[in-house]
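Structure first, then comments.
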There are 2 protein chains.
Amino acid sequence: MKSSLRSVAEIPAESTESLSANVVHRLEVEILKGQRRPGDRLDERQLAEQFGVSRTPVREALQRLAASGLVVSRGRQGLQVAQLSLADLLDAFSVAAELEALASAQAARRIRSEQRTRLEAAHEVCAAAAKARDVDAFYEANLEFHETISVASHNRILHDELRRLTVKISPYRRTITYQPGRMDSSIPEHGQVMDAIFRGDGAAASQVMRAHVTLLGEGLSDLLHFLRMSGDENIIAELT
Amino acid sequence: MKSSLRSVAEIPAESTESLSANVVHRLEVEILKGQRRPGDRLDERQLAEQFGVSRTPVREALQRLAASGLVVSRGRQGLQVAQLSLADLLDAFSVAAELEALASAQAARRIRSEQRTRLEAAHEVCAAAAKARDVDAFYEANLEFHETISVASHNRILHDELRRLTVKISPYRRTITYQPGRMDSSIPEHGQVMDAIFRGDGAAASQVMRAHVTLLGEGLSDLLHFLRMSGDENIIAELT
DNA sequence: ATACGCCAAATTGCATGCCAGTCTTATCGT
DNA sequence: ACGATAAGACTGGCATGCAATTTGGCGTAT
């Protein structure tokens, strides 16, 4: 490579993995953090230069993301960050609701003490962020809360599926977080889920979590309606 | 390439797609048909020769399959067809049960007439195969039955996730089909699901389907127990 | 002035070559 | 004879070069 190792923000922490795995991880983070928005085109050469590697690992990373449904291939027109239609989004939330409900039920039976601690900590950070109206901190802690439950289910398959889905809808979920009142109503819901899990009441945990995520979906619905009235159409992908 | 385009079993049907997509599809089929068993090692060069392409598209295909969880990377030891532990398998069935239940519920509300026809046809083929004790035909028609419901849910996200999961557990599901009595008990269960969907009764469809798939999982549990007593350990991946 | 067509530049897709890490085998030493 | 170490072959990882296809622009003709 002529420009060789010339990338600005490089020499990152975990260089032990393979380059392609590294690229996968970084792209996921960039998408999850909202730095790459749905519909953004992903140029192989640009990414290769940005990450300081050749096109091959970038291509392999993109293939993996495509298999996850995070990016979509448009033939010769390259790949772009997956753009979910409104219908897709609502569908995705219905799937996420079921999977998170299942995770909660299994977590209620299988959670271990270190995950209890982690869950409590995440819940408290959530509450503090909500009180401080710090949306970004809340978003982060909220992810941690749900991720902890996913891990505590001790169901590897479920955890994988949930992670994929979470990343896929994360850009939209982030937007929902900015909805007024969303943070405040989340806190007691989280509390109920956590209590049910700690009580070992899988049925209750499952039910409350399903409602919690479904409400997120409804919040999304409201948000889209609001945006449409505001004339801000560009966040709405395709309306079919 | 010196040996160039000379591979034995070629002249690929649908050559319109990209080569890597082609390889993905073929490998999925081979795994689904049981020609490649869990634990089988996947050698890049051998696959490249088999499919008459170079290593690059093969590598990309393997990356995609790895992202789907269908194959796993074992560091420098190459990739192999994913080998699910007993715990993983039971977990996978619990996830599949929830997703299929959701699909049934949504299908009850959204199914279209052509899918009704397709579902009825699949059901009848299933019943005929069960009566004829044709395990392979039943396996095929059973896939068709579940796939049709997945499609009829008109939930793209759900359909994708379900497809991934189905392929992943298909080798094991096939084995279950050989369990005595399994086919016969499936028919009325399918019938109940189908009736509930046709009635538009999502709750009932969901409930029956969940039980149906869960029973599959229990059948698996029985099967494994039986095999262990028979001393046939090699089908049991890792018992942790 | 607009529309159609052709040419050029860019971008993706595939192939091949090289390198690094790992597993195997053979030889040497105890 | 057995074990350990080193050398060689094998396999996966990455980079780069070449071909094919699409896109955008420019020129010409109506």
Side-chain angles (χ1 to χ4, degrees), chain A residues 1-7 10-12 14-27 36 39-67 70-83, chain B residues 1-8 10-27 36 39-83:
Chain A
M1 178 173 212
K2 54 270 168 189
S3 67
S4 72
L5 311 174
R6 291 272 26 72
S7 64
E10 281 320 296
I11 318 105
E14 359 85 44
S15 53
T16 59
E17 344 175 25
S18 78
L19 290 184
S20 61
N22 229 313
V23 173
V24 167
H25 190 192
R26 292 214 208 166
L27 276 176
R36 299 203 177 259
D40 283 1
R41 187 164 169 188
L42 298 167
D43 181 69
E44 291 181 5
R45 295 176 198 279
Q46 183 253 311
L47 292 173
E49 188 173 358
Q50 172 182 346
F51 294 131
V53 298
S54 87
R55 287 174 52 219
T56 305
V58 170
R59 282 183 60 80
E60 294 184 348
L62 290 178
Q63 296 289 337
R64 291 179 70 150
L65 295 174
L70 240 174
V71 308
V72 294
S73 165
R74 285 200 359 199
R76 288 284 189 278
Q77 179 43 41
L79 293 86
Q80 60 182 43
V81 178
Q83 205 169 17
Chain B
M1 183 176 206
K2 54 270 165 187
S3 67
S4 72
L5 312 173
R6 288 283 39 75
S7 64
V8 264
E10 282 319 295
I11 316 106
E14 356 84 45
S15 56
T16 58
E17 348 175 19
S18 79
L19 288 185
S20 61
N22 229 312
V23 172
V24 168
H25 190 191
R26 291 212 205 171
L27 277 176
R36 298 201 179 261
D40 283 1
R41 189 163 166 189
L42 298 167
D43 181 71
E44 291 180 4
R45 291 173 161 86
Q46 182 252 312
L47 291 173
E49 187 173 356
Q50 173 182 345
F51 293 131
V53 300
S54 87
R55 288 172 53 212
T56 305
V58 171
R59 281 183 61 80
E60 294 183 349
L62 290 178
Q63 297 287 337
R64 291 177 70 150
L65 294 174
S68 299
L70 241 174
V71 308
V72 294
S73 165
R74 281 203 338 195
R76 291 287 181 281
Q77 180 44 41
L79 291 86
Q80 61 183 34
V81 179
Q83 206 168 18

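Below, chain A is the first sequence line, B the second, and so on; all start at residue 1.
- Among residues two or more places apart in sequence or in another chain, the side-chain hydrogen bond (donor to acceptor under 3.5 Å, both in side chains) test is passed with Thr56(A) by none.
- Under the rule for a side chain to side chain contact (heavy atoms under 4.5 Å, CB included), the partners of Leu42(A) that lie at least two apart in sequence or sit in another chain are Arg36(A), Leu47(A), Leu62(A), Val71(A), Val81(A).
- Taking the salt bridge (Lys or Arg N to Asp or Glu O under 4.0 Å) definition, one finds that Arg59(B) meets it with Glu60(A), Glu44(B), sequence neighbours left out.
- The side chain to side chain contact (heavy atoms under 4.5 Å, CB included) test applied to Ala82(B) returns Val72(B), not counting sequence neighbours.
- Across the protein-nucleic acid pair, Glu49(A) atom CD and dC14(D) atom P stand 19 Å apart, rounded to whole Å.
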Which pairs, protein N/O on one side and nucleotides 8-14 of chain C N/O on the other, fall under 3.5 Å?
residue : atom : partner  : partner atom : Å
dT12(C) : OP1  : Asp43(A) : OD1          : 3.2
dG13(C) : OP1  : Gly75(A) : O            : 3.4
dG13(C) : OP2  : Arg59(A) : NH1          : 2.8
dG13(C) : N7   : Arg55(A) : NH2          : 3.1
dG13(C) : O6   : Arg55(A) : NH1          : 3.4
dC14(C) : OP1  : Leu19(B) : N            : 2.6

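- Residues satisfying the side-chain hydrogen bond (donor to acceptor under 3.5 Å, both in side chains) test with Gln77(A), not counting sequence neighbours, are none.
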